[in-house]
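Accompanying notes for the structure given below.
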2 protein chains.
Amino acid sequence: MKLYYSPTSPFARKVILAAHALGLDSEIEKIRVDVYQPGGSYTEINPLKKIPALQTRDGQILLDSSFIAQYLNDLSPVNKIIPSAPERWQVMSDLAVADGILEASVLRLYEKRRPVDRFDTAFDGRQKDKVDQGFQYFEKNIARFLGEPNIASLTLMCALGYVDFRFPNEKWHDLVPRLQTWYQARQNDEAFLKTTPKD
Amino acid sequence: MKLYYSPTSPFARKVILAAHALGLDSEIEKIRVDVYQPGGSYTEINPLKKIPALQTRDGQILLDSSFIAQYLNDLSPVNKIIPSAPERWQVMSDLAVADGILEASVLRLYEKRRPVDRFDTAFDGRQKDKVDQGFQYFEKNIARFLGEPNIASLTLMCALGYVDFRFPNEKWHDLVPRLQTWYQARQNDEAFLKTTPKD
């Protein structure tokens, strides 16, 4: 299999952590993509130029980090990171919240990178509100994430890592102490450390 | 079941069409939500304030329109709109492109609604490029969508309807003639007509 990734994409990191948790990482060749490079051929892989994309065992292209995680999970016989129903749906719902924190944070990064006079405080504030509400959701429900990693907890790790990477001056840690303790206990995981984003 | 929706949300429309295709619509009570209303209690349903959300048969909250569609598909014994593997993954990948058109179009709407001096032509152009590339992808692969509806084709219908609703002056129709013919042939579907967005 081939994973089209970039070292700063939190959605690619999520797939890499998922593959690692499933014991599939050695089967995946990683191909680095720069979507900002003009004239690149990545649109033939993904017309939306989003990262990541996976070339599956069959040679097909599969898009969307959550669908890729579902595919990888199905390759493993034990449904290790996405349980079967009925437990499945709570995990997917938690995953949606973690993904939402990521999406809002990516939008905030694009906002920050605009020409200063095009920065919209109201838009940025609405996205930050989603991030904060997402953090509070996990703070309240942290008991669900104390066991073995699942796709929601892996994505939450990526989300917290991404906020620290892109918004290092925003001190979320003190506002959600249980989430912070949870995060600290898992930061030294080998696959997580190895995928620390760098510009 | 309860579906939290708004009449202009294309992601809610996607779930309504999915429920209809699965024969589950009569089991779903629709609850209209206005996420812009200050002090609303919808954050207790979805901390990200995104629409839609589903209260499942078990009374749990399930977020994300694609995960909701997967849940509804699993309730029906025949996997009608999301096939089993291996066909499943092509459908999910196509779904990711249709969802990407929708997400880019929603971002363009937010951009259009900003104070004029905060409108960023470059950002809007990048999103429009995603929409156009997504359209070309479906134009090229239209043969995959000629049979019974699946979650990707239903979402594509919502995407085309949404672009027409929010950007009526952009003439995509002539640029992708096969997609336009495909869309026209399906526009009079009862569930699609009944969910036409109105401001």
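Chain letters run A, B, ... following the sequence lines, proteins first, then strands; residues in each count from 1.
Remark: A/Lys50 fails to qualify as a cation-pi partner of A/Tyr4 under the 6.0 Å distance and 45° angle criteria applied to the six-membered ring.
No donor-acceptor contact under 3.5 angstrom links the side chains of B/His20 and B/Asp189, judged on distance only. Checking A/Asp94 against A/Gln90 by side-chain atom types alone, a donor-acceptor pair falls below 3.5 Å. For A/Asp164 and A/Trp172, the side-chain atoms include at least one donor-acceptor pair closer than 3.5 Å. With hydrogens and angles left out, the side-chain atoms of B/Asp99 and B/Ser66 include a donor and acceptor closer than 3.5 Å.
Cluster annotation: A/Val33 and A/Leu109 are assigned to the same hydrophobic cluster (Ile/Leu/Val/Met/Phe/Trp/Tyr, side-chain heavy-atom contacts under 4.5 Å, transitive). Residues A/Leu193 and A/Tyr162 fall into different hydrophobic clusters, defined by Ile, Leu, Val, Met, Phe, Trp and Tyr side chains chained together at heavy-atom separations under 4.5 Å.
Neither the backbone nor the side chain of B/Thr56 comes within less than 4.5 Å of any heavy atom in chain A. Only the side chain of B/Tyr137 has a heavy atom closer than 4.5 Å to any heavy atom of chain A. Neither the backbone nor the side chain of B/Asp132 comes within contact range of chain A; no heavy atoms are under 4.5 Å apart. At a 4.5 Å heavy-atom cutoff, B/Gln127 makes no contact with chain A through either its backbone or its side chain. Contact of B/Leu107 with chain A is made through the side chain alone, with heavy-atom distances under 4.5 Å. Residue contact with chain A, scored on non-hydrogen atoms closer than 4.5 Å, involves the backbone of B/Asp117 exclusively.
Ranking B/Ala85, B/Pro86, B/Pro47 against chain A, the residue ahead of the rest is B/Pro47, based on heavy-atom pairs under 4.5 Å. The most heavy-atom pairs under 4.5 Å with chain B, out of A/Arg114, A/Gln136, A/Met92, come from A/Arg114. Among B/Leu48, B/Val131, B/Asp64, B/Ile68, the residue with the largest count of heavy-atom pairs under 4.5 Å with chain A is B/Leu48. Most heavy-atom pairs under 4.5 Å with chain A, from the set B/Glu103, B/Arg126, B/Glu111: that is B/Glu111. By number of non-hydrogen pairs under 4.5 angstrom with chain B, the leading residue of A/Gln60, A/Lys49, A/Gln70 is A/Gln70. Chain A forms the most heavy-atom pairs under 4.5 Å with one residue out of B/Ile101, B/Asp120, B/Asn46, B/Asp129, and that residue is B/Asp120.
Side-chain contact check for A/Val91 versus A/Arg88: every heavy-atom pair is 4.5 Å or farther apart.
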